[in-house]
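Presented below is the structure to which this report refers.
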Amino acid sequence: MSTLTLRPAPAPAGPRAVPATGAHARLDSRIRFGAGIALWAALLLVTGWWASGGGIRDLGGWESGLTSAGRLTGLLASVLLLVQVLLMARVPLLERAFGQDGLAALHRTVGFTSFTGMLAHVGLITWGYAAGELSAAPGELWDMTWTMPGMLPAAAGTACLVLVVATSVRAARARLRYESWHLLHLYAYLGVGLALPHQLWTGQEFTGSAARTVFWWGLWTAALLAVLVWRVALPLARSVRHRLVVTAVVPEGDGSVSVHLAGRRLAALGARAGQFLTWRFLSGTGWTRGHPYSLSAMPDGRSLRITVKDLGDGSAAVARLRPGTRVLVEGPFGRLTARARTAPDVLLIGAGVGITPLRALAEEFCAGPGRVTLVHRYAGTPLFARELTALAHAHGCELVPVPGRRRGDGSWLGHGVGPVDDLTALRTWVPDLARRDVYVCGPEAWTGLVLRTLTAAGVPADRVHVEHFGW
């Protein structure tokens, strides 16, 4: 295989206007900070109510201490459980500030913490009610489940949450199709809903004062409304309003196809280059399953384009879509957009079909102020080779093709690069790397290696914007 010559990027031909960047990024940073403060305030508030209700005093006895600790873990788990719902309810304020990757990471952390707290709540309360006798706890749990108000639906809700957590572990996700995992994950809503009667009927911390009642009902109402408005009503309204239909399906090579779509008043959809939407194609069996695909061209207000690679799941059916097929849409989502930009110059790094959102970003960034470099990593036939070359020629942005399979487990570059380490190669192509915003999209393991190189190059963390090509 031929070796890709490592040569520094050419100096810019002349001064270019500097884009006004950073305002939205600073606003989003403040929103993220405020959200963190709100979460900790809620956790401290319920802890304070527990303490004022004798929670600390009860820790002095063995049986009462177990029960008291169980109450506290239940309160904290309940807050985190509802925060989970809010994190994935597609709330626009949070979506713009964190992005889907950020929200998903928080969702996993909060979810596993909440689940652990819920198990601790069940175990400690049962142990305490069993007079501190561990051997009597199983029988006590059985009696509590069948005799205490709201416990039976709570047990069913716990079973739903166990199913969700078990299928969210990385090893389990690797064995499931995305569509199957997503369907199973919806049981989390059922689990949360089934927990409510138990909390209201047996939890004195939920109804012990007017302030507590307002807090808990307010949190429950916010979670419910968020799901109904942004996960149900808004997608339906957008689908009806914009009436998206497939206009063409174009093979792109290497098992990928581009789907062109048209609709009404698409500018009002608010989609931006770099974002993705969840698509449901009304083409027969399986239309209820949503598929998250990124836009592969900058939206122009009249049409949209996505590019999909056949990965062996529902994506295989995309190539068989016919013009005129109606489409339901949810979104747009993602923060891999110009909104996150803080510097005048930009570096885009994409691998495989992960180049799709970067192709749309290149169209936007190359046509505007600032210098743009696109590093395109591919093993077989490169996607959008002609389009990217045309963009480079038309607007003067730098295109760096990186062909060949990965040259080792510790490298994100291909065999087409000479015998230099990843950091040296990247610095040769982009000498001012540390002063740029960097957008990265590709498989999760590959992305991790890119991030390691960017860190070694001194790129500040707040200038690195990532979207993993996976779930």
Side-chain angles (χ1 to χ4, degrees), residues 1-7 178 246-261 273-274 276 279 291-298 304-321 336 347-366 372-395 397-409 411-418 422 425-426 429 439-447 449-450 467-471:
M1 180 177 293
S2 61
T3 299
L4 182 67
T5 302
L6 286 175
R7 51 186 172 78
Y178 170 81
V246 175
T247 57
V249 179
V250 180
E252 297 283 1
D254 198 27
S256 300
V257 297
S258 285
V259 180
H260 298 253
L261 306 105
F276 70 93
W279 309 84
H291 305 278
Y293 298 134
S294 296
L295 298 172
S296 59
M298 186 174 69
L304 299 172
R305 187 184 78 173
I306 59 174
T307 301
V308 181
K309 184 177 178 63
D310 180 0
L311 297 175
D313 51 11
S315 57
V318 174
R320 299 191 293 272
L321 291 174
L336 199 74
L347 169 63
L348 310 173
I349 306 177
V353 76
I355 198 68
T356 53
L358 301 187
R359 154 66 182 82
L361 280 174
E363 187 175 0
E364 177 177 345
F365 288 160
C366 288
V372 180
T373 301
L374 171 60
V375 176
H376 186 187
R377 169 80 181 81
Y378 55 90
T381 304
L383 279 175
F384 314 126
R386 291 182 182 177
E387 295 180 15
L388 292 174
T389 300
L391 278 174
H393 288 163
H395 300 290
C397 52
E398 178 77 4
L399 177 61
V400 182
V402 185
R405 296 191 175 277
R406 276 176 54 192
R407 55 186 183 176
D409 292 338
S411 174
W412 56 273
L413 296 176
H415 285 292
V417 179
D422 294 6
L426 191 57
W429 293 323
Y439 291 74
V440 185
C441 185
E444 188 171 356
W446 177 88
T447 299
L449 295 173
V450 176
E467 187 170 289
H468 297 124
F469 182 63
W471 54 276

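Just so you know, these numbers come straight off a predicted model, no measurement behind them.
- The backbone N or O of Pro401 sits nowhere less than 3.5 Å from a side-chain atom of Arg377 that would complete a donor-acceptor pair.
- Here the CG atom belonging to Leu358 is positioned 10.0 Å from the CZ atom belonging to Phe384, to the nearest 0.5 angstrom.
- The minimum heavy-atom distance linking Leu413 with Ala425 is given by the pair CD1-CB, 3.7 Å.
- Taking CD of Glu252 as the reference point, atom OG1 of Thr307 lies at 5.5 Å (rounded to 0.5 Å).
- With respect to the salt-bridge test (charged N to carboxylate O, under 4.0 angstrom), the residues Arg305 and Glu387 qualify.
- Taking Ser256 as the reference, nothing meets the side-chain hydrogen bond (donor to acceptor under 3.5 Å, both in side chains) condition, with sequence neighbours excluded.
- Glu467 places no side-chain N or O within 3.5 Å of a backbone atom of Leu336 that could act as its donor or acceptor partner.
- In this structure, Trp279 has no side-chain hydrogen bond (donor to acceptor under 3.5 Å, both in side chains) partners at least two apart in sequence or on a different chain.
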Exercise. For Leu388 and His376, what are the C-alpha separation, side-chain angles and deciding distance, and is it a side-chain contact (heavy atoms from CB on, under 4.5 Å)?
Worked result: CA-CA 10 Å; Leu388 292 174; His376 186 187; 3.8 Å; yes
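- Nearest heavy atoms, Arg405 versus Ala379: CG-CB, 4.1 Å.
- Separation of atoms SG (Cys366) and NE2 (His393) is listed at 12.0 Å; rounding is to 0.5 Å.
- Nearest heavy-atom pair, Trp446 versus Cys441, reported as atom, atom and distance to 0.1 Å: CZ3-O, 3.7 Å.
- Take Tyr439 and apply the ring pair (Phe, Tyr, Trp, His ring centres under 6.0 Å) test, not counting sequence neighbours, and it matches Phe365, His465.
- Atoms CG and OG1, from Leu304 and Thr247 in turn, are 9.5 Å apart once rounded to the nearest 0.5 Å.
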For this session: Decide side-chain contact (heavy atoms from CB on, under 4.5 Å) for Tyr293 and Val353; before the verdict, give the C-alpha distance in whole Å, the side-chain angles of both, and the deciding distance to 0.1 Å.
Result: CA-CA 10 Å; Tyr293 298 134; Val353 76; over 6 Å; no
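- What you find for Ala351 and Pro443 is that their closest heavy atoms are CB-CD, 4.2 Å.
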For this session: Apply the test side-chain contact (heavy atoms from CB on, under 4.5 Å) to residues Trp412 and Val375: give CA-CA distance (whole Å), side-chain angles for both, the deciding distance (0.1 Å), then the verdict.
Result: CA-CA 12 Å; Trp412 56 273; Val375 176; 4.3 Å; yes
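- Thr373 pairs in a side-chain contact (heavy atoms from CB on, under 4.5 Å) with only one of the listed residues (Leu347, Leu426, Leu399, Leu348), which is Leu347.
- Between Gly442 and Thr447 the shortest heavy-atom distance is O-OG1, 3.2 Å.
- Residue Val249 comes nearest to Val318 through the heavy atom pair CG1-O, 4.1 Å, listed as atom of the first residue, atom of the second, then distance.
- To the nearest 0.5 Å, atoms NZ (Lys309) and OG1 (Thr356) are separated by 11.5 Å.
- Note that CD1 of Ile355 and OG of Ser294 are 11.5 Å apart. Values are rounded to the nearest 0.5 Å.
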